[in-house]
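Scroll down for the structure; my scribbles are underneath it.
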Amino acid sequence: MKLWLFLRTTFMIALLTGLLMAMGYLLGGARWMTYMFWFAVIMSFLAFWYSDQLVIKMMKARIVSREEAPELYEIVEKLSKRAGLPMPKIAIIDDPTPNAFATGRNAKHALVTVTTGILELLDRDELEGVLGHELTHVKNHDILVGTIAGALAGAVVYIAYITKYLAFFKVIFGGLSLDRFIYALLIAITAPIAAIIIRSAISRRREFAADEGGARLSGKPWALASALLKLDEAVKKLQKEAEAKKKKPLGNPGLAHLFIVNHFEGDRVSQLFATHPPTKERIAHLREIAKDMGVEFPY
């Protein structure tokens, strides 16, 4: 199963790289296609080595010590030992939006981050389920895959935006044939959609696996289900308040797939573009896991 996930993820990242190369070819031929290939390699390299540092800066998180967050530290330490993982760094984001995520290039350089909102919202059992979920992402190497996929998908969207206007400019002032202009315009329109679908497909499949890992690590699948319900309700409430105040949610939408719940998705967002499975499906999955574990499930 892990080999299949790895092969499928590698294929999807290759598709994202291919989209970048296709846009380069349509605008500047083989030379620009090569440029785009190396651009994708560099983006992947930066995401590999500096993902935790970049995310900390983008999310305005701060690394905390055991003295600053003793209960949080104790939970992560206990679950890390159960998972056979080294103790990750822990960071907190001062934001009322309840959420959590993990990032880093591998288990030795992992970073688990929570918001002040999730610490206030969840009880200890629920928090254990959530942190078990994030540590499963670390164990399954999802943190690296998710960061690289997010970086490449973001690059595809941004370059497609530029490609559209460059194509118009080049066809008006010469240097681009009509047929190549049409191809460039088509790929500039469809590439961002394809990139988002690819990124979402990577994320959704891995969320189910992380939910199972979190349930088994904590030994409390019902607690993780309760946490997901609370998070879903709280995020929807905060989304409505943010819309009313015309205020942007926490963080960067390009990193939404890293969180345990996506606080950028509204009710009208198509499931095709959703980075996470519906909460109802995740809870149904946790119910099956509880049955397999022989644990009572009250939901």
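All figures in this text were calculated on a predicted structure; none of them were measured in a lab.
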List the atom pairs, donor and acceptor, that lie under 3.5 Å between side-chain atoms in residues 79-90 and the rest of the protein, sequence neighbours left out.
from: S80; atom 1: OG; to: V76; atom 2: O; distance (Å): 2.7
from: R82; atom 1: NH1; to: L217; atom 2: O; distance (Å): 2.7
from: K89; atom 1: NZ; to: D52; atom 2: OD2; distance (Å): 3.3

**OP:** Taking all heavy atoms of Y73 and all of V64, pick out the closest pair and write down the distance.
**Re:** CE1-O, 3.8 Å
**OP:** Could you walk me through whether D211 and L228 pass the side-chain contact (heavy atoms from CB on, under 4.5 Å) test, one step at a time?
**Re:** CA-CA 10 Å; D211 283 344; L228 290 174; 4.3 Å; yes
Subject >> Step-by-step side-chain contact (heavy atoms from CB on, under 4.5 Å) determination, L131 to V112 >> reply: CA-CA 8 Å; L131 292 171; V112 174; 3.8 Å; yes
Subject >> Rounded distance (nearest 0.5 Å) linking atom OG of S226 with atom CG of D125 >> reply: 9.0 Å
**OP:** Decide, yes or no, whether a salt bridge links R124 with E128 under the criterion of side-chain N to carboxylate O below 4.0 Å.
**Re:** yes
Subject >> Qualifying residues under side chain to side chain donor-acceptor pair (under 3.5 Å), relative to D123, sequence neighbours excluded >> reply: none
Original post:
If you look at every heavy atom in A225 and I283, which pair is closest and at what distance?
Top reply: O-CD1, 4.0 Å
**OP:** Test I92 against L72 for side-chain contact (heavy atoms from CB on, under 4.5 Å), laying out the working first.
**Re:** CA-CA 10 Å; I92 294 178; L72 180 60; 4.1 Å; yes
**OP:** Rounded to the nearest 0.5 Å, what's the gap from CE on M36 to OG1 on T34? Could you check?
**Re:** 11.0 Å
Subject >> Where A110 and V138 come nearest, the two heavy atoms and their spacing >> reply: CB-CG1, 3.9 Å
Original post:
Does the side chain of E74 reach to within under 4.5 Å of the side chain of R66, using non-hydrogen atoms?
Top reply: no
**OP:** Please list all pairs passing the ring-ring contact (aromatic ring centres under 6.0 Å, His included) test where one or both residues lie in residues 104-133, with sequence neighbours left out.
**Re:** H133-H137
**OP:** Taking T279 for its side chain and L229 for its backbone only, find out whether a donor-acceptor pair lies under 3.5 Å.
**Re:** no
Original post:
Salt-bridged, R216 to E212, with N to O below 4.0 Å?
Top reply: yes
**OP:** Check side chain to side chain contact (heavy atoms under 4.5 Å, CB included) between H141 and all other residues, then give those that pass, not counting sequence neighbours.
**Re:** none
Original post:
Shortest non-hydrogen contact from E296 to W222?
Top reply: O-CD1, 3.7 Å
**OP:** Spell out, as yes or no, whether a donor-acceptor pair under 3.5 Å connects the side chain of S218 to the backbone of G214.
**Re:** yes
Subject >> Beyond-backbone contact of F208 with R282, side-chain heavy atoms, under 4.5 angstrom >> reply: yes
**OP:** Using only heavy-atom distances, determine whether the side chains of T97 and N99 contain a donor-acceptor pair under 3.5 Å.
**Re:** no
**OP:** Taking the side chain as every heavy atom from C-beta outward, state whether I75 and L127 have any pair of such atoms under 4.5 Å apart.
**Re:** yes
**OP:** Report the C-alpha separation of K220 and L224 in whole Å, then their side-chain angles, then the decisive distance to 0.1 Å, and conclude whether the side-chain contact (heavy atoms from CB on, under 4.5 Å) test is met.
**Re:** CA-CA 7 Å; K220 304 164 187 172; L224 178 54; over 6 Å; no
Subject >> Heavy-atom closest contact (A102 atom, E134 atom, distance) >> reply: N-OE1, 3.2 Å
Subject >> Residue pair A91 / L111: nearest heavy atoms and the distance that separates them >> reply: CB-CD1, 3.8 Å
Subject >> Interatomic spacing from CD1 in I289 to CE in M293 - rounded to 0.5 Å >> reply: 8.5 Å
**OP:** Return the set of residues passing side chain to side chain donor-acceptor pair (under 3.5 Å) with E67 (not counting sequence neighbours), or none when no residue passes.
**Re:** S65
**OP:** For residues V114 and I93, determine if any side-chain heavy atom of one lies less than 4.5 Å from a side-chain heavy atom of the other.
**Re:** no
Original post:
Residues two or more places apart in sequence or in another chain: which of them pass side chain to side chain donor-acceptor pair (under 3.5 Å) with K230?
Top reply: E126
Original post:
CD of E120 to OG1 of T115: how many Å apart, nearest 0.5 Å?
Top reply: 8.5 Å
Original post:
Hey, what do you get for CE (M21) to CH2 (W38), rounding to the nearest 0.5 Å?
Top reply: 10.5 Å
